[in-house]
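Numbering of ligands and ligand atoms starts at 1, following listing order.
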Amino acid sequence: MGQDRMGTHETLSVGELAARSGVAVSALHFYERQGLLCSSRNAGNQRRYRRDALRRVAVIRVAQRAGIPLAAIGEALATLPDGRTPTQADWARLSRHWRADLDARIAQLTRLRDQLDGCIGCGCLSLRDCPLRNPGDVAGARGPGAPYLEP
Ligand code: FES
């Protein structure tokens with residue numbers, strides 16, 4: 001563990017951050033390239049992370065496990081003042097916001113699963129008969145004929 005340029009915070013090397021967070025070094029570098037994580041350089045030009053990067057990585061991992069796209073995680077973290085690490089209150093706010101997204105995605109997947117149940121998997125992918133190809137009979141609602149061919 002080292003100190004930053006100010007000498008006031010203990011800092012972690014990327015290897016230490018990886019070991020403590022359980023996240024591969026390559027993933028940490030990826031997060032950094034995506035702007036989710038930031039580091040400073042020590043006198044030897046090595047990356048140094050503040051200790052609170054551990055919490056930031058934990059937030060990223062939990063959000064990823066919940067299926068939140070990395071871009072959305074990045075946008076959420078960018079709303080924090082000075083790019084600081086999320087506090088408990090921040091996490092409560094972010095997770096409330098993501099919960100709505102998750103609910104919508106669960107509803108969408110449930111509909112898809114139900115349509116899959118209705119599809120006999122025969123391979124026809126018929127616009128008329130297959131509930132996966134034509135959910136809710138959208139084609140039928142357009143009226144008789146060949147709705148995808150006729151303007
Ligand atoms: S593939 Fe034939 S009903 Fe879905």
Please determine whether any non-hydrogen atom of L125 lies less than 4.0 Å from an atom of ligand 1. yes
Taking a cutoff of less than 4.0 Å between a non-hydrogen atom of the residue and any ligand atom, is G123 in contact with ligand 1? yes
Can you list the atoms of ligand 1 that are under 4.0 Å from a heavy atom of C130? 1 (S), 3 (S), 4 (Fe)
Output the list of atoms in ligand 1 that are nearer than 4.0 Å to some heavy atom of I120, sorted by atom number. 3 (S)
Within the supplied structure, the quantity of interest is the number of heavy atoms (other residues, nucleotides, ligands) at a distance under 6.0 Å from R105 CZ; does it exceed 12? yes
Are L116 and L127 linked, directly or through other ILVMFWY residues, by side chains that come within less than 4.5 angstrom of each other? no
Starting from the C-alpha separation in whole Å, work towards a yes-or-no answer on side chain to side chain donor-acceptor pair (under 3.5 Å) for R61 and Y31. CA-CA 11 Å; R61 297 304 277 188; Y31 293 157; 2.6 Å; yes
Side chains of T85 and V59: closer than 4.5 Å at any heavy-atom pair? no
Does any N, O or S atom of C124, backbone or side chain, fall under 2.8 Å from atom 4 (Fe) of ligand 1? no
Please assess E32 against R47 for the test salt bridge (charged side-chain N to carboxylate O under 4.0 Å, His left out), listing each intermediate value before the final yes or no. CA-CA 11 Å; E32 197 165 347; R47 284 187 170 94; 3.2 Å; yes
With respect to atom 2 (Fe) of ligand 1, please indicate if C119 possesses an N, O or S atom at a distance under 2.8 Å. no
